[in-house]
Peer 1: 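One structure coming up, written as structure tokens, with questions to follow.
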Amino acid sequence: MPTLVAEALQATMGSEPLNMKPILGASGIKGKRVTTLSPENGLSDFIQSFIMEKEDTDTPFSVLDIGVVMDLMDKWASNFPTIQPFYAVKCNHDPSFLGTLAALGSSFDCASKPEIESVLSLGVSPDRIIYANPCKSESHIKYAASVGVNVTTYDSIEEVEKIRKWHPKCELLLRIKPPQEKGEGMSLKYGAFQEEVPKLLKAAHAAGLKVTGVSFHVGSGGTDMQAYHGAISEAKNVFETASLLGMPRMRVLDVGGGFLSGPVFDDAGLVINAAIKSNFGDEEGLVVIGEPGRYFAETAFTLVTRIIGKRVRGEVREYWINDGVYGTLNCIIYDYLQVTCRPLACTSKPENPACRDAETYLSNVFGPTCDSTDTIFRDYQLPELQVNDWLVFPNMGAYSTASSTNFNGFSSAKSTYLAYSSPVARKQSMFQSNPKPIQ
């Protein structure tokens, strides 16, 4: 396992916490233009200047704020000084984003051969990758063995046999089901029940495989912090069970993902750190890792969409934009996310593109496909806008482009433009807001 995140950050960033040099030289970013945002309306000005520069652009695009990623890494190191982040690539695999995280010292959670390939292509060492998929294709296991990715998860005897056959040098983490889970979603698909643990440990030991630790996953957007406490306590029981079975001492605790970047993150830090101390306080040489995805990705990206159609029905305005729920905004369907947007009327109101103090109307906003499900907003307050104006969506980095399709021939936001905002600029930006998942 790599060094802890605080050490990695110190080695990478040096004494200057805002030193951009290592990031600008990172794979996925080197040679690309990174625009520094101004303290006042920096992101708005950047998007407006880009739109005016490329007036003929007819596709949605995203803006990655590297400064946000740096802040999030710093906050992770402060809240979890002894937990190494293994970013979950499935959440957003944008090369510039992955390169930024790699330069900041993050490791990576990959679930497939293509995800491993994408991380290795950035020059990341294979010992900074965990193959965190409890059920893997044999060909993908063979690939992991060939490139030196030597840590994976499992939760079935059948998986033990596949790993024994194709990657016998691989270390295993036993994926368990957190006690609070009700058997839905991820908890239905992955994780061993408490009563299954002894036979799974015995199976791996009999196969000559080394089980080095335990993993669990509370779930993305989880707000019940006590779920972490129960899961960590259960992980300690697995450590003790392995010892009673005469197996080598375990040393890795994987607390999974499910972290948000808002105030609940501080609560998670308090609960998780306390649970680790109370359950593993006497465990020498313990390595603790986490698999954050949404935490790093969500607020770092802004989606920019163009209005391609308009209809007025009485007092209601209806708009069509060039992205929707089959594209980048699929999180509305799959994650039940309550997205927000701001207008940018570069075409119709160049003197007041942010439409400040403008009268607003009940508005419906649709995606570009011919499916009526492709609806982003109903009865949303927007000012009067015109075709070729823009709608800008903050917090659109998590499970957005990574889950998009080309349904009806329309593409999601394929292009990502890079920006850097200072802490002052981020605080004042008109587009910064907290994510609002539907409860």
Side-chain angles (χ1 to χ4, degrees), residues 1 80 82-84 86 88 109 111 130-136 150-164 167-168 170-183 185-219 222 224-258 268 271-291:
M1 292 290 175
F80 294 124
T82 62
I83 301 180
Q84 170 72 13
F86 280 67
D109 154 15
I130 178 174
Y131 193 173
N133 186 341
C135 187
K136 301 165 281 293
N150 297 326
V151 181
T152 191
T153 57
Y154 82 109
D155 65 3
S156 69
I157 291 177
E158 288 75 12
E159 196 71 8
V160 169
E161 177 57 25
K162 285 189 295 181
I163 297 168
R164 181 200 65 78
H167 197 354
C170 196
E171 297 184 6
L172 304 182
L173 304 184
L174 177 57
R175 172 81 173 258
I176 61 171
K177 197 178 298 294
Q180 284 85 349
E181 290 192 338
K182 307 300 183 182
M186 288 289 283
S187 67
L188 174 65
K189 192 171 184 179
Y190 297 121
F193 289 108
Q194 183 178 357
E195 61 269 22
E196 296 174 320
V197 167
K199 69 177 182 181
L200 290 172
L201 292 175
K202 290 176 183 177
H205 190 51
L209 300 174
K210 186 176 181 181
V211 184
T212 58
V214 179
S215 75
F216 61 84
H217 188 82
V218 167
D224 180 10
M225 294 300 104
Q226 293 308 310
Y228 287 104
H229 192 284
I232 291 169
S233 177
E234 187 59 39
K236 175 62 173 179
N237 291 336
V238 177
F239 272 57
E240 293 175 346
T241 299
S243 295
L244 290 174
L245 292 173
M247 298 174 62
R249 178 175 165 273
M250 290 183 177
R251 61 186 182 86
V252 180
L253 173 65
D254 180 355
V255 299
V271 172
I272 292 172
N273 289 329
I276 293 173
K277 183 176 181 180
S278 63
N279 287 280
F280 291 93
D282 58 349
E283 199 79 33
E284 293 185 7
L286 180 71
V287 175
V288 187
I289 68 175
E291 299 171 4

Peer 1: Treating K177 as the side-chain partner and Q194 as the backbone partner, does any N or O pair qualify as donor plus acceptor under 3.5 Å?
Peer 2: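 Checking the backbone N and O of Q194 against the side chain of K177, no donor-acceptor pair under 3.5 Å is found.
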Peer 1: Within a radius of less than 6.0 Å around CD of E284, do more than 12 heavy atoms belonging to other residues, nucleotides or ligands occur?
Peer 2: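 12 or below, so no.
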Peer 1: If you define the side chain from C-beta out and look only at heavy atoms, does anything of I276 sit under 4.5 Å from V288?
Peer 2: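 Touching, per the 4.5 Å side-chain cut-off.
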Peer 1: Has the side chain of Y154 got a donor or acceptor atom that lies under 3.5 Å from a matching backbone atom of L200?
Peer 2: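 Confirmed, Y154 side chain pairs with L200 backbone.
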Peer 1: Extract all donor-acceptor atom pairs below 3.5 Å that involve side chains of residues 238-245 and protein atoms in other chains or at least two apart in sequence.
Peer 2:
residue	atom	partner	partner atom	Å
T241	OG1	N237	O	2.8
S243	OG	F239	O	3.3

Peer 1: Between E196 and F193 (side chain of the first, backbone of the second, donor and acceptor by atom type, cut-off under 3.5 Å), is there such a pair?
Peer 2: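 Side chain of E196 to backbone of F193: a pair is present.
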Peer 1: Do you know which two heavy atoms are closest between E234 and P179, and how far apart they sit?
Peer 2: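 Where E234 meets P179 most closely, the heavy atoms are CB-CG, 4.2 Å.
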Peer 1: Indicate the atoms forming the closest heavy-atom contact of V271 with Q226, along with that distance.
Peer 2: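 In this case the closest contact between V271 and Q226 is CG2-NE2, 4.0 Å.
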Peer 1: Given I130, which partner from the list L173, N150, T152 fulfils the side-chain contact (heavy atoms from CB on, under 4.5 Å) test?
Peer 2: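 Running side-chain contact (heavy atoms from CB on, under 4.5 Å) over L173, N150, T152 with I130 returns exactly one hit, L173.
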Peer 1: Provide the closest heavy-atom pair for I83 versus G290 in the form atom of the first, atom of the second, distance.
Peer 2: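 Heavy atoms only, the tightest pair is CG2-N, 3.6 Å.
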Peer 1: Would you find a donor on one side and an acceptor on the other, under 3.5 Å apart, between the side chain of E283 and the backbone of R251?
Peer 2: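 Side chain of E283 to backbone of R251: no pair is present.
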Peer 1: Could you pull out the closest heavy-atom pair between I176 and A231, with the gap in Å?
Peer 2: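 Heavy-atom minimum between the residues: CD1-O, 4.1 Å.
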Peer 1: Spell out, as yes or no, whether a donor-acceptor pair under 3.5 Å connects the side chain of H229 to the backbone of A275.
Peer 2: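 Checked: no pair found.
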Peer 1: Please report the closest heavy-atom contact between P134 and R175, naming both atoms and the distance.
Peer 2: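 Nearest pair, atom of P134 first, then R175: CG-NH1, 3.9 Å.
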Peer 1: Give me the atom names and distance for the closest heavy-atom approach of A192 to D155.
Peer 2: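 Reported closest heavy-atom pair: N-CB, 4.0 Å.
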Peer 1: Would a distance-only check, ignoring hydrogens and angles, find a side-chain to backbone donor-acceptor pair under 3.5 Å from N133 to A111?
Peer 2: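 It does hold such a pair.
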